[in-house]
Undergrad: 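Here you go, one structure.
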Amino acid sequence: MKRRSLIEFDPETNVFHLSNTLISYVMKIEESNVLSHVHFGKKVSNYSGNKKYPRRDRGFSGNVPLHEERAFSKDTLPQEFSGHGSMDYRIPATIITRENGSSLLDLRYETYQILQGKPKLAGLPQTYVVDEQEAQTLCITLKDRELPIYVDLFYTIYEQRGAIIRSAKYRNQTGQTIWLDKAASFQLDLTNSGRFSEVIALPGAHARERLISRQQITDGVKTFESRRGSSSHQMNNFIALTHSHTTETLGEAIGLQFIYSGNHAFEIEKDQIDQLRIVGGINAYQFQWQILDEDEFQTPEMILSYSDEGLNGMSHVHHALLRERVARGKHQYEPRPILVNNWEATYFDFTSKKIEALIDEAADLGMEMFVLDDGWFGKRDADTSSLGDWFEYEGKLANGLKGVADYAHEKGLKFGLWVEPEMISLDSDLYRQTPEYLMQEPNRAPAASRSQFVLDFTRKEVRDSISQQLRKIFDKVPIDYIKWDMNRSLSDVYSAYVENQGEVYHRYVLGLYDLLEELTTAYPDILWEGCSGGGGRFDAGILYYMPQSWTSDNTDAVERIDIQYGTSLGYAISSMGAHVSASPNHQSGRVTDLKTRGDVAMSGVFGYELDLTVLTPQEKAIIKKQITLYKEIRQTVQQGRFDRLVNPFEQNIAAWQFISPDNKEVVVFMARRLTSGQPPFQEIRLVGLAEGRYREKKSSLIYSSSELMTMGLYLPDFYGDFQTEMLHFEKIATGKEEEHASID
């Protein structure tokens with residue numbers, strides 16, 4: 001049976017309609033070939049194409065150039081993609097400069113093409129298809145009214161996903177050079193601002209990433225951006241549009257997620273008649289890209305999701321898409337090993353004897369991998385030297401890295417290693433031999449951060465030098481896991497080897513992607529984890545190369561509740577590294593129970609960062625139980641459906657749940673921060689359970705799915721601050737299921 005087309009064009013109404021069972025995206029070619037936006041949201045069945053944006057003469061808005069109807073204005077018409085200087089005074093999606101200094105760009109519809117599947121983007125992370133039949137892509141070409149400057153708008157719609165994937169390609173056929181001063185990946189114009197009256201962003205700081213900020217959208221322009229050279233701790237490149245009544249389970253939400261790891265910006269403008277325009281992509285800050293004649297520029301992709309089932313419904317779209325069609329490789333669906341990292345146990349001060357003692361304890365406790373962190377290379381005994389010298393620190397480990405790896409493998413553990421390949425120390429052989437590899441303006445001393453500097457990754461010879469050093473280690477030492485760190489923001493952003501300095505920020509990111517593609521392809525058996533001082537580059541771009549990232553350097557369980565809750569708004573749990581650390585916590589000084597630390601960390605990709613050799617017998621017994629439990633629930637946590645239940649940014653409590661792909665297992669996490677003399681009894685209602693009965697494994701109590709979702713459970717009557725509980729339910733056969741089982 002022939003499948004229904006996901007993309008249709010009606011030549012009579014000039015309407016494009018992208019739709020599946022969940023969503024519709026509608027555009028219209030208006031008079032004078034202006035491409036307007038009609039609808040993005042819930043699926044529209046049998047659309048007639050007759051909805052027409054009202055015409056009204058708005059004072060000082062002006063007419064569409066070369067169109068005399070005063071009631072038809074680009075300044076109010078919802079559009080798909082806007083240029084600068086064509087009587088649209090709202091924020092534009094793109095700004096160009098021509099050789100004569102003009103920035104005028106009046107984009108009009110030219111042609112379209114429908115492609116089966118999805119074209120690949122060269123040199124960029126992206127969504128992809130496994131089967132060409134699962135998606136279709138619409139390419140609409142816009143052209144400047146006067147000059148052969150083209151913008152190809154790409155829209156990919158999957159058959160079963162509530163998302164549109166957008167990007168833009170700029171092409172120059174003018175015979176002259178043009179410069180892109182702003183190159184958005186998407187624009188979304190919404191006529192009913194009351195429908196989406198709020199925006200949720202994920203701001204933060206180092207060790208306090210992705211906190212939920214929910215704000216009213218008011219008149220004017222609001223920008224969420226990073227200017228740090230990476231997606232940053234300070235403002236993640238995910239936002240959501242909601243109504244004030246939207247909750248975790250009810251109401252409309254649009255999610256916007258940039259598949260990119262550098263400077264980004266989302267701009268939201270509420271205009272003179274309460275319409276919204278949202279523009280997003282590479283930040284125009286210090287960006288200018290030169291496009292020679294017959295050349296082109298491709299933007300990174302933006303995910304636009306829609307759900308009418310609340311924020312959880314929106315998150316489900318992003319979680320599944322990132323897990324199934326952005327992450328790649330051998331470890332995409334494999335259970336992630338329970339690891340111990342030596343950093344907070346030893347910092348730089350370790351010997352083979354210390355490391356082997358940690359490995360012994362890890363094996364006895366049932367852990368699955370040992371990770372050797374900073375300090376194994378060059379002459380690295382502090383953070384002031386040796387970055388760039390990716391050779392073994394001779395004599396620090398009695399039997400070298402291979403000896404440690406072999407020892408771990410003999411004990412039944414995998415072996416992992418920490419690296420920070422994008423950085424350089426002035427006290428390093430690499431700097432002494434090739435000082436020009438440092439990113440800096442000539443004759444100007446660069447700024448240090450954490451006593452380290454940035455390598456010029458715009459240059460292939462720099463990337464090749466790092467690649468060759470790492471390959472020698474990877475080929476010599478049996479490595480199962482790499483933690484790839486980046487411990488500073490970019491500064492002194494200048495490359496003597498790039499003609500146009502406005503390209504350096506983006507070329508740095510493209511260089512990083514080039515090296516990651518090379519190494520992850522050459523070493524497919526290695527599990528790669530991203531890191532940037534914790535969560536400073538936690539984005540969908542990195543996820544394309546590395547299936548998980550270190551969520552935050554902050555391992556305080558109480559603060560991690562907020563961090564992990566906020567991160568889950570746009571990111572799958574399988575991408576979130578979460579570890580148990582020592583108490584008092586190294587970052588906050590807070591004292592928490594080992595149970596609390598374990599419960600929080602088990603809500604992610606689980607591991608430990610503490611000195612296993614100083615644990616008491618009681619602590620070891622608790623850790624063994626934690627590891628046993630996590631191995632039971634790991635597949636559900638890492639690959640199941642995740643739902644947020646109670647928001648810790650709004651209450652003193654928090655709750656979330658995991659449901660296994662087969663609906664037979666449910667894991668519920670509950671927490672209360674602070675106690676009081678007379679605490680209220682609070683209830684937690686589960687969501688999305690399959691019909692049937694569920695047994696809670698610890699208590700053996702049996703509940704119907706209906707009562708768990710309708711009546712709920714009482715939060716335990718915790719005693720003391722910072723208390724948590726995890727409940728583990730299994731679905732039991734009932735009715736016809738029991739009858740069928742007895743017959744079998």
Side-chain angles (χ1 to χ4, degrees), residues 130 316 319-341 359 362-371 405 408-409 411-417 478-484 520 523-531 538 542-551 564 567-568 571-580 598-609 623-643 656-669 697 726 728-731:
V130 174
H316 295 159
H319 292 184
L321 188 60
L322 296 189
R323 191 171 57 233
E324 299 164 10
R325 293 297 182 269
V326 174
R328 305 174 295 164
K330 173 182 177 181
H331 299 281
Q332 180 180 6
Y333 298 114
E334 281 196 357
R336 311 288 166 72
I338 301 169
L339 64 83
V340 60
N341 183 301
I359 292 172
D364 289 344
L365 291 168
M367 296 176 190
E368 298 165 323
M369 182 160 68
F370 172 79
V371 178
H409 289 146
K411 289 287 184 174
L413 302 180
K414 297 178 183 295
F415 175 70
L417 197 63
I479 294 173
D480 304 292
Y481 160 102
I482 287 291
K483 182 177 181 179
W484 182 294
T520 57
Y523 300 92
D525 292 334
I526 290 177
L527 170 60
W528 299 79
E529 176 169 297
C531 181
F538 198 110
I542 291 297
L543 187 64
Y544 183 72
Y545 306 97
M546 306 181 186
Q548 64 189 58
S549 285
W550 183 221
T551 312
Q564 292 173 204
T567 302
S568 75
Y571 298 94
I573 303 304
S574 60
S575 66
M576 294 166 50
H579 297 172
V580 175
D599 287 350
V600 175
M602 279 192 278
S603 292
V605 177
F606 188 48
Y608 291 82
E609 298 221 14
I623 286 175
K624 285 183 178 180
K625 288 181 179 179
Q626 289 175 343
I627 290 171
T628 299
L629 173 59
Y630 192 73
K631 288 176 180 178
E632 278 187 60
I633 65 175
R634 172 164 45 191
Q635 192 67 14
T636 293
V637 170
Q638 294 180 4
Q639 302 295 336
R641 168 179 151 166
F642 175 83
D643 290 278
W656 54 65
Q657 67 174 42
F658 305 87
I659 302 177
S660 63
D662 63 5
N663 293 307
K664 293 183 178 179
E665 182 176 52
V666 182
V667 178
V668 180
F669 168 88
K697 297 183 77 170
M726 288 188 76
H728 185 191
F729 295 89
E730 59 180 352
K731 194 169 186 288

Undergrad: Looking at F370 and I359, what are the two nearest heavy atoms and their distance?
TA: CG-CG1, 3.7 Å
Undergrad: Under 3.5 Å, is there a donor-acceptor pair between the side chain of S660 and the main chain of K664?
TA: yes
Undergrad: Would you say W656 and S568 are linked by a side-chain donor-acceptor pair, where the criterion is simply a distance under 3.5 Å?
TA: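 W656 and S568 do not have a side-chain donor-acceptor pair below 3.5 Å.
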Undergrad: Report the C-alpha separation of I623 and M367 in whole Å, then their side-chain angles, then the decisive distance to 0.1 Å, and conclude whether the side-chain contact (heavy atoms from CB on, under 4.5 Å) test is met.
TA: CA-CA 10 Å; I623 286 175; M367 296 176 190; 4.1 Å; yes
Undergrad: Run the side-chain contact (heavy atoms from CB on, under 4.5 Å) check on S574 and Y333 step by step: do they pass?
TA: CA-CA 9 Å; S574 60; Y333 298 114; over 6 Å; no
Undergrad: Does P524 reach the side chain of K330, with side-chain heavy atoms less than 4.5 Å apart?
TA: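 Heavy-atom side-chain distance check fails, nothing below 4.5 Å.
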Undergrad: Please work out whether the ring planes of F415 and H409 are parallel, tilted or perpendicular, with thresholds of 30° and 60°.
TA: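 Ring orientation of F415 relative to H409: perpendicular.
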Undergrad: With a 4.5 Å cut-off on side-chain heavy atoms, are S575 and L322 touching?
TA: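 A side-chain contact is absent here, since even the closest heavy-atom pair is not under 4.5 Å.
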Undergrad: Under the 3.5 angstrom rule, does the side chain of T551 hit a backbone N or O of G577 as a donor-acceptor pair?
TA: yes
Undergrad: NE2/H579 to CG/L339 distance, rounded to the nearest 0.5 angstrom?
TA: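 It comes to 4.0 Å.
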Undergrad: For the residue pair P661 and Q639, what are the closest heavy atoms and their distance?
TA: CG-O, 3.8 Å
Undergrad: Using a distance-only test with no angle check, is there a side-chain donor-acceptor pair under 3.5 angstrom linking Q548 and R336?
TA: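 There is such a pair between these side chains.
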Undergrad: Measure from the side-chain N and O atoms of H331 to the backbone N and O of D525, and report whether any donor-acceptor pair falls under 3.5 Å.
TA: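 Yes: the side chain of H331 pairs with the backbone of D525.
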Undergrad: About how many Å separate CD of Q626 and CD1 of I338, when rounded to the nearest 0.5 Å?
TA: 10.0 Å
Undergrad: From I526 CD1 over to W528 CH2, what is the distance, rounded to the nearest 0.5 angstrom?
TA: 5.0 Å
Undergrad: Mark yes or no for whether K631, through its side chain, and G366, through its backbone, hold a donor-acceptor pair below 3.5 Å.
TA: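 Such a contact is found between K631 side chain and G366 backbone.
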Undergrad: Compute whether any side-chain donor of one residue and acceptor of the other, for Y481 and E529, lie under 3.5 angstrom apart.
TA: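 Per modelled atom types, Y481 and E529 side chains form a pair under 3.5 Å.
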Undergrad: Indicate yes or no: at least one non-hydrogen side-chain atom of S549 is less than 4.5 angstrom from one of L543.
TA: no
Undergrad: Within the distance-only criterion (no hydrogens, no angle test), does the side chain of E609 pair as donor or acceptor with the backbone N or O of N341 below 3.5 angstrom?
TA: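 It does not hold such a pair.
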Undergrad: For A601, which residues count as a side-chain contact (heavy atoms from CB on, under 4.5 Å) partner, sequence neighbours excluded?
TA: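 side-chain contact (heavy atoms from CB on, under 4.5 Å) list for A601, sorted by chain: A578, V580, F606.
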Undergrad: Nearest 0.5 Å please: distance from the CD atom of Q638 over to the CD1 atom of I633.
TA: 9.5 Å
Undergrad: For K625, does the NZ atom have more than 12 heavy-atom neighbours from other residues, nucleotides or ligands under 6.0 Å away?
TA: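 For K625, atom NZ is not crowded (no more than 12 foreign heavy atoms under 6.0 Å).
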Undergrad: Using every non-hydrogen atom in the two residues, find where V637 and S603 come nearest and quote the distance to one decimal.
TA: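 Looking at all heavy atoms of both residues, the shortest contact is CG1-C, 4.1 Å.
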Undergrad: Within a strict 4.5 Å, meaning less than it, do heavy atoms of the N663 and R641 side chains meet?
TA: no
Undergrad: With the side chain counted from C-beta on, respond yes when K624 and L365 share a heavy-atom pair under 4.5 Å apart, and no when they do not.
TA: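 Yes; the side chains approach each other to less than 4.5 Å.
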Undergrad: Measuring from atom CE of M576 to atom CZ of F538, what distance do you get when rounded to the nearest 0.5 angstrom?
TA: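 Rounded to the nearest 0.5 Å, the CE-CZ separation comes out at 6.0 Å.
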Undergrad: side-chain contact (heavy atoms from CB on, under 4.5 Å) between V666 and K731: does it pass, once the steps are laid out?
TA: CA-CA 8 Å; V666 182; K731 194 169 186 288; over 6 Å; no
Undergrad: Would the distance check show the side chain of H319 and the main-chain N or O of Y571 forming a donor-acceptor pair, the cut-off being under 3.5 Å?
TA: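 Indeed, once roles are kept as given, a pair shorter than 3.5 Å links the two residues.
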Undergrad: Rounded to the nearest 0.5 Å, what's the gap from CZ on F642 to CD1 on I573? Could you check?
TA: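 It is 4.5 Å, given to the nearest 0.5 Å.
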Undergrad: Check whether any side-chain N or O of E730 sits under 3.5 Å from a backbone N or O of K697 as a donor-acceptor pair, and report yes or no.
TA: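 Answer holds: no.
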Undergrad: List the steps, then state whether side-chain contact (heavy atoms from CB on, under 4.5 Å) holds for L413 with M369.
TA: CA-CA 5 Å; L413 302 180; M369 182 160 68; 5.6 Å; no
